[in-house]
There are 2 protein chains.
Amino acid sequence: MRPELLARVLTLLPDQAARPELRDYYALLRDYPQRGGKGIRSELLLASARAHGVQEGGPDWEAALWLAAALELFQNWVLIHDDIEDDSEERRGQPALHRQHGAPLAINAGDGLHAYMWAAVHRAGVPGAMEAFLDMIHRTAEGQHLDLCWVERREWGLHEADYLEMVRLKTAYYTVVVPLQLGALAAGTAPHDGFTAAGLALGTAFQIRDDVLNLQGDPAKYGKEIGGDLLEGKRTLIVLRWLEGAPPAQREVFLNQMRRDRPAKDPAQIAQIHAWLLASGCVTSAQTFADQQAQMGLQALSEALEGAPDQQAAAELLRTVRTLASREA
Amino acid sequence: MRPELLARVLTLLPDQAARPELRDYYALLRDYPQRGGKGIRSELLLASARAHGVQEGGPDWEAALWLAAALELFQNWVLIHDDIEDDSEERRGQPALHRQHGAPLAINAGDGLHAYMWAAVHRAGVPGAMEAFLDMIHRTAEGQHLDLCWVERREWGLHEADYLEMVRLKTAYYTVVVPLQLGALAAGTAPHDGFTAAGLALGTAFQIRDDVLNLQGDPAKYGKEIGGDLLEGKRTLIVLRWLEGAPPAQREVFLNQMRRDRPAKDPAQIAQIHAWLLASGCVTSAQTFADQQAQMGLQALSEALEGAPDQQAAAELLRTVRTLASREA
């Protein structure tokens with residue numbers, strides 16, 4: 001995220017204590033934010049605020065910055081807990097927090113950071129922002145439940161519609177829909193109804209892009225282990241499409257690996273499945289679907305922004321959104 | 001908790017969804033609240049509100065009830081996460097949530113419930129309540145960090161002062177200090193400064209009583225496994241006092257067991273340690289210390305309530321608090 005936003009996040013988090021154990025706790029709170037996330041969602045929020053007439057340095061800018069800080073805090077506490085739930089190895093190029101300190105301390109630090117997120121929302125003092133954050137957390141947790149319970153139950157009898165519902169709930173609300181809405185709220189404007197459909201399509205494109213990068217991204221840029229989704233048994237559009245047409249023998253190897261917990265998976269077999277996926281054309285077809293979703297979302301967003309007070313900033317927001325769906329990291 | 005408060009908590013939580021997986025998620029959210037917690041903290045909050053002049057059915061009563069519902073939601077999401085962090089077996093006479101559904105789904109459900117807690121705080125619309133909840137969560141998470149990091153590091157070189165600081169942070173704020181303060185806030189009154197010292201002493205008495213019950217409570221009333229604190233490697237005043245004077249051989253058996261993770265602990269050795277603790281007199285001496293803390297706390301609370309507008313309700317509040325420190329469950 002932009003340096004002044006990180007600085008704002010850090011002013012909210014304590015760092016001094018007489019007890020060394022509490023200084024360690026504060027260091028856990030500060031760890032993920034300081035690993036240098038890209039700040040995609042806060043940039044989207046600020047771009048939306050500008051399109052709605054909030055001027056940098058103007059009277060509502062401060063409130064917009066607090067909401068942006070809150071959104072970054074949301075992202076960070078959710079990532080701490082997600083990494084435990086998925087037993088991920090890496091986050092932003094370093095070991096996940098629970099791999100460094102154990103799950104108990106990491107769960108607790110995520111809870112602490114969650115509360116500091118609400119402190120930032122409170123500091124913003126923007127009417128409607130608390131409701132927007134509540135909706136965002138509810139939808140994200142529902143989507144996360146779908147994802148996790150399918151992993152838990154080894155459920156692979158799923159269709160594209162299931163994946164898309166999961167991704168809308170788990171990713172699209174907090175990545176696009178709510179940032180767009182919060183930008184309007186920071187300007188004292190009721191968010192346009194069209195932001196929901198636009199944000200759901202764009203957020204879907206964003207997540208599919210992430211699924212694609214997880215299989216064929218540049219490890220140096222991506223910051224997570226390439227192929228990690230396979231080890232974590234994640235449902236993706238790519239895998240669901242591949243399963244529909246895969247030769248029975250390959251399908252059997254896949255389902256056999258997916259019945260196992262992560263430590264029991266065979267790295268050689270996972271690498272083989274990875275190669276089958278890349279060779280199948282399903283990565284390309286999923287990217288094509290993502291591009292279509294991005295086009296639809298951009299069109300809908302463009303229409304929703306027609307009445308926005310700052311049309312130059314609205315054009316800038318559309319450019320920001322366009323880069324999201326084609327990102328390399 | 002009282003039935004009408006449980007009903008209020010449940011109205012806040014969703015239960016209908018087209019997808020069966022989401023109905024399962026909503027059932028996870030509703031599970032712990034429906035297990036019938038005692039509602040100690042919400043009763044304390046409501047008793048404090050009445051002492052500050054809030055009348056049942058009067059204009060501020062509704063706000064007090066929403067704060068009480070929020071406090072119960074706090075207790076429930078914290079318990080879900082605590083049970084994972086401590087890998088507890090039971091909660092309120094049933095298996096802990098993560099033992100029924102796995103840690104990933106339980107962590108996520110705790111996060112969802114945390115957000116619904118904030119929805120209840122928001123519904124109350126009481127100035128100062130959000131700040132009180134933020135302080136409460138920060139202190140509780142700090143205390144939980146102390147407790148967990150000592151377990152993680154197998155740290156037994158601790159003194160009574162360490163235990164007392166941990167217990168004040170982890171238990172006393174959310175059990176007594178903040179419920180007293182929220183009752184005042186519901187009445188539109190600034191909380192008396194004396195509530196902090198009173199609540200810290202009373203909360204300490206409450207936690208030590210819990211530690212005592214964990215070793216010699218009635219399993220039918222207590223709702224958690226008797227001796228569970230030993231299996232979880234918890235620091236208690238009882239154990240710290242016993243360690244100071246224990247025969248070296250017993251001390252060695254104890255530290256040997258405490259170096260092991262829970263599954264590697266030997267139940268026979270744990271039962272032996274349990275018997276040594278009961279025979280040592282340290283349970284009785286800890287209870288005596290708790291009684292002294294309760295006396296000090298009651299005295300301080302009584303003084304802080306001298307100017308409270310409803311003296312009959314203030315006397316009732318003192319009676320409620322007195323029963324807490326001598327509870328059997």
Side-chain angles (χ1 to χ4, degrees), chain A residues 13-14 17-22 24-26 28-29 77-78 80-82 84-87 101-119 121-122 130-131 133-138 140-153 155 162 165-166 169, chain B residues 13-14 17-22 24-26 28-29 77-78 80-82 84-87 101-119 121-122 130-131 133-138 140-153 155 162 165-166 169:
Chain A
L13 304 178
R19 273 201 171 269
E21 299 99 320
L22 292 182
D24 293 345
Y25 168 65
Y26 300 154
L28 292 191
L29 298 180
W77 75 253
V78 163
I80 293 174
H81 283 185
D82 275 12
I84 303 167
E85 289 158 7
D86 299 338
D87 198 14
H101 305 281
L105 291 177
I107 295 171
N108 187 57
D111 289 337
L113 214 54
H114 183 166
Y116 282 104
M117 177 205 80
W118 286 110
V121 175
H122 190 50
M130 189 153 182
E131 289 87 342
F133 270 85
L134 287 170
D135 280 345
M136 177 175 75
I137 302 172
H138 295 329
T140 308
E142 287 168 355
Q144 182 71 354
H145 181 87
L146 291 183
D147 197 14
L148 294 172
C149 81
W150 294 337
V151 172
E152 174 86 14
R153 298 175 193 170
E155 176 64 64
D162 301 307
E165 181 167 4
M166 182 268 282
L169 289 168
Chain B
L13 303 178
R19 272 202 171 270
E21 299 99 320
L22 292 182
D24 292 345
Y25 169 64
Y26 299 154
L28 293 191
L29 299 180
W77 75 254
V78 164
I80 293 174
H81 283 184
D82 275 12
I84 303 167
E85 289 157 7
D86 299 337
D87 198 15
H101 304 280
L105 291 177
I107 295 171
N108 187 57
D111 290 337
L113 214 55
H114 183 165
Y116 282 103
M117 177 205 81
W118 286 110
V121 175
H122 190 51
M130 189 153 184
E131 291 86 343
F133 271 85
L134 286 171
D135 281 346
M136 176 175 76
I137 302 174
H138 296 329
T140 308
E142 286 168 356
Q144 182 71 352
H145 181 88
L146 291 182
D147 197 13
L148 294 173
C149 81
W150 293 339
V151 172
E152 174 86 13
R153 299 175 192 170
E155 176 64 64
D162 301 307
E165 181 168 4
M166 182 269 283
L169 289 168

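Letters A, B, ... are given to chains in the order of the sequence lines, protein chains preceding strands, and every chain is numbered from 1.
Both the backbone and the side chain of B/I107 come within less than 4.5 Å of a heavy atom of chain A. Of the two parts of A/A115, the backbone and the side chain both hold a non-hydrogen atom closer than 4.5 Å to a non-hydrogen atom of chain B. B/A119 touches chain A through backbone and side chain together, each having a heavy atom under 4.5 Å away. For B/F133, no part lies under 4.5 angstrom from a heavy atom of chain A. Within the 4.5 angstrom heavy-atom criterion, only side-chain atoms of B/L134, from C-beta onward, approach chain A. Proximity to chain A (any heavy atom under 4.5 Å) is shown, for B/E155, by neither the backbone nor the side chain.
Taking the six-membered ring where tryptophan is involved, the planes of B/W77 and B/H114 are essentially parallel, since the angle between them stays under 30° and well short of 60°.
Per-residue heavy-atom pair counts under 4.5 Å with chain B were compared for A/E152, A/E165, A/H101, and the maximum is reached by A/E165. In terms of heavy-atom pairs under 4.5 angstrom with chain B, the leader among A/Q144, A/H81, A/H138 is A/H138. Interface remark: of the candidates A/L28, A/L146, A/I137, A/L146 forms the most heavy-atom pairs closer than 4.5 Å to chain B. Across A/N108, A/V151, A/L148, the residue that shares the most heavy-atom pairs under 4.5 angstrom with chain B is A/N108.
Considering every non-hydrogen atom in both B/A17 and B/Y26, the closest pair reads CB-CE1, 3.7 Å. Nearest heavy-atom pair, A/G143 versus A/M166, reported as atom, atom and distance to 0.1 Å: O-CG, 3.6 Å.
In this structure, A/D111 has no salt bridge (charged side-chain N to carboxylate O under 4.0 Å, His left out) partners at least two apart in sequence or on a different chain. In terms of the ring pair (Phe, Tyr, Trp, His ring centres under 6.0 Å) criterion, A/H122 has no residue partners (sequence neighbours excluded).
Contact of the B/H145 side chain with the A/R19 side chain is not registered, since no non-hydrogen atoms from C-beta on lie closer than 4.5 Å. Counting only heavy atoms from C-beta outward, the side chains of A/D162 and A/W150 approach each other to under 4.5 Å.
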